[in-house]
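A short worksheet on the structure shown next.
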Amino acid sequence: MTTSTALLLADLAGVAVFAASGASAAVAKRLDLFGVVFVGFVAALGGGIVRDLVIDEVPPLAFADWRYATTAAVTAGAIFWLHPQFARLRTTVLVLDAAGLGLFTVAGTLKALDAQVPPVGACLIGMITAIGGGLCRDLLTGEIPVVLRREIYAVAALAGSIVVVLLDGLGYAGPIPLVAAVLLVFGVRLVALRRRWSAPVAALRPPPRTGGIPGPPD
Amino acid sequence: MTTSTALLLADLAGVAVFAASGASAAVAKRLDLFGVVFVGFVAALGGGIVRDLVIDEVPPLAFADWRYATTAAVTAGAIFWLHPQFARLRTTVLVLDAAGLGLFTVAGTLKALDAQVPPVGACLIGMITAIGGGLCRDLLTGEIPVVLRREIYAVAALAGSIVVVLLDGLGYAGPIPLVAAVLLVFGVRLVALRRRWSAPVAALRPPPRTGGIPGPPD
Amino acid sequence: MTTSTALLLADLAGVAVFAASGASAAVAKRLDLFGVVFVGFVAALGGGIVRDLVIDEVPPLAFADWRYATTAAVTAGAIFWLHPQFARLRTTVLVLDAAGLGLFTVAGTLKALDAQVPPVGACLIGMITAIGGGLCRDLLTGEIPVVLRREIYAVAALAGSIVVVLLDGLGYAGPIPLVAAVLLVFGVRLVALRRRWSAPVAALRPPPRTGGIPGPPD
């Protein structure tokens, strides 16, 4: 197996895991078979589509290479029937999802750097590649995105993308450092899950009422 | 009337029908006049905007040709005042909507093929052209998109886009086969409505609780 | 201070105000620190990202110039801790928001005209630049966008973008007329707030039931 075949297989494995998470959320919301497949497609490929639009790689990979859409659709369709079994694999799924998070982050950041996006933008694009699909999945199923509410998920991705940008800036972006960046995201995410780490939530006090221009603030 | 004039009129008629459906949903949600016009615009042109971004036809037709935005805005504005009459035309609206679905599917698929998108991607883009506006309409009005929940709607579009891609691959994409593809989508949608066909929904059993890493699945 | 420095500072001030409004909404929804910063980023830069995608300026400014993302993130992060103080500045915030609305409208319309978008499209893009961020903020926090529901907000932006397109068409798009267009949006918005102007909402009567094809209208 060549390196590029290995990379493609890893990428498609990530697509399958994310498609399964999307399909599973869609089943829980009582969407129909088409809805389950569509949400699986968006959860798996939405982040990459946004990345490709932003770096002007058109048509996005999700439309240009049939293996991506097919992997997502077949996986999501399988979850439609196998969702009880899938729900039982909860721990495995969380571990695979963390691996997908690492992979998508590093691949997305590298693509952005290749497209001459400056460092800060490349970090953001790498992170959006990894979290964008889950975000779209939650919007489509009528939820406030979970990635914005709790847990260390996006922050793990952001840490990984910063490391990739630093490695690239220092000229160290070879295969081994990049694999280390994937493992960093993977590890941070797993430790955060195991220890139930969460990002802080602001303390809410009722805002004091004052005078001035009435009406809602836009 | 030349062919291209006929095509433009058909396209604008589709825009008007979709704008009316968006405006009608916005009225039901108590949006204000601006909201009604905006949701009408998005319902009519959102699918095409996504299509044009994905195939890099910029600015998208909705912004490049004033007749599209104007048709959508005028129609949506009219629904703001005429919505009780519009609601009474329920059957007519469903039939026109099915025609718009067929038209947008075939036009979108052809545009994607013209832009050198490979077959699987072109099918997806054709379908997204047709269902994207309704999807955005539902997101803007706080609903889980109806196209993901029930009925044969997106599947009719997908069938049509597959036929267009096959015709194109076989070199048969002339006017008559393409009109047949529009009629196919139209017919499938109408029969599905008449017979109350729906896509299946997964049987839900409460997932068995197991141990492992705690916390929500991303 | 040169003109271009002044313009950049004004633009970043607008970004900061919009980021603060997004962060504030996210705090109210109990999002975590990452969610607050992300919603602030999207509220500040989402409209500009859509604009840049539509006119094919890639990567969008939000990713190409680190000062935009940094301003948004730092402001949103500060609101996470300072939101009670921020809530007390209600009137100031509304005034600054109105100024940001004017600035984003005029800058967005000019960019669209520079990118050869025809007049009607340029008006729409200018308005979307100004209202897009707030719209995304509301979708991410599970709300029907407030800009679609009440108040004169988008209409003020649309008026400003029409004025810019007219000035440009007449060859009068110099600094002084453009500042006047910003002030127009600013003024309309403030007067609308002070006088509690709202766009009209359609009178709702229960639609009469008739026969015909059953099922929901798409």
Side-chain angles (χ1 to χ4, degrees), chain A residues 50-58 112 115-128 131-132 135-136 138-140 142-158 197-218, chain C residues 18 21 24-36 38-39 41 49 52-53 56 58-60 62-70 79-81 83-84 86-95 97-98 101 131 134 139-142 146-147 150-151 153 189-190 192-194 196 198:
Chain A
V50 171
R51 174 201 64 206
D52 289 349
L53 289 179
V54 164
I55 64 173
D56 213 17
E57 175 157 318
V58 286
Q116 314 298 333
V117 178
V120 172
C123 288
L124 293 172
I125 291 170
M127 183 191 73
I128 290 169
I131 72 167
L135 218 143
C136 294
D138 292 349
L139 291 180
L140 284 175
E143 297 285 333
I144 295 181
V146 66
V147 70
L148 305 178
R149 281 187 284 148
R150 49 189 165 150
E151 294 191 52
I152 299 298
Y153 190 82
V155 172
L158 190 57
W197 284 344
S198 273
V201 173
L204 258 200
R205 280 151 284 175
R209 290 265 159 202
T210 58
I213 299 177
D218 123 291
Chain C
F18 281 30
S21 98
S24 181
V27 165
K29 286 283 180 168
R30 316 289 297 138
L31 302 192
D32 67 16
L33 176 55
F34 174 78
V36 169
F38 188 83
V39 174
F41 175 84
I49 292 172
D52 289 349
L53 289 177
D56 213 17
V58 286
F63 300 106
D65 183 335
W66 62 273
R67 292 171 293 196
Y68 285 80
T70 307
I79 295 296
F80 182 79
W81 282 282
H83 64 95
F86 180 75
R88 231 171 287 136
L89 295 172
R90 190 169 167 67
T91 307
T92 314
V93 168
L94 284 171
V95 172
D97 185 85
L101 186 73
I131 72 167
L139 291 180
L140 285 175
T141 55
V146 66
V147 70
R150 52 191 160 145
E151 294 191 53
Y153 190 83
R189 173 68 183 145
L190 284 192
L193 275 172
R194 170 62 80 182
R196 303 186 184 228
S198 274

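Since the structure is predicted, the reported quantities are computational estimates derived from the model, not experimental observations.
- With contacts defined as side-chain heavy-atom distances shorter than 4.5 Å, the pair C/Asp32/A/Ser198 does not qualify.
- For the atom pair A/Met127 CE and C/Phe34 CZ, the distance stands at 4.0 Å (nearest 0.5 Å).
- Residues A/Ile55 and C/Pro59 fail the side-chain proximity criterion, which asks for heavy atoms closer than 4.5 Å.
- For A/Ala202 against C/Val27, the heavy-atom pair with the smallest separation is CB-CG1, 3.9 Å.
- We find the CZ-CG distance between A/Arg150 and C/Leu31 to be 11.5 Å, quoted to the nearest 0.5 Å.
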Passes side chain to side chain contact (heavy atoms under 4.5 Å, CB included), C/Phe38 versus A/Leu135? Steps please. CA-CA 12 Å; C/Phe38 188 83; A/Leu135 218 143; 3.7 Å; yes
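- When all heavy atoms of A/Ile144 and C/Thr141 are compared, the pair lying nearest together is CD1-O, 3.4 Å.
- Of all the heavy atoms in C/Trp66 and A/Val120, the pair that sits closest is CB-CG2, 3.5 Å.
- Neither the backbone nor the side chain of C/Ala26 comes within less than 4.5 Å of any heavy atom of chain A.
- Of the two parts of C/Phe41, only the side chain, counted from C-beta on, holds a non-hydrogen atom closer than 4.5 Å to a non-hydrogen atom of chain A.
- Neither the backbone nor the side chain of C/Asp65 has a heavy atom closer than 4.5 Å to any heavy atom of chain A.
- By the 4.5 Å heavy-atom criterion applied to side chains, A/Ile128 and C/Phe63 are counted as neighbours.
- The most heavy-atom pairs under 4.5 Å with chain C, out of A/Gly121, A/Ala112, A/Pro119, A/Gly142, come from A/Gly121.
- The two residues C/Ala64 and A/Pro118 make their nearest non-hydrogen contact at O-CG, 3.2 Å.
- Here the closest non-hydrogen pair linking A/Leu53 and C/Val58 is O-CG1, 3.8 Å.
- Residues C/Leu140 and A/Pro145 share a closest heavy-atom pair of O-CD, 3.4 Å.
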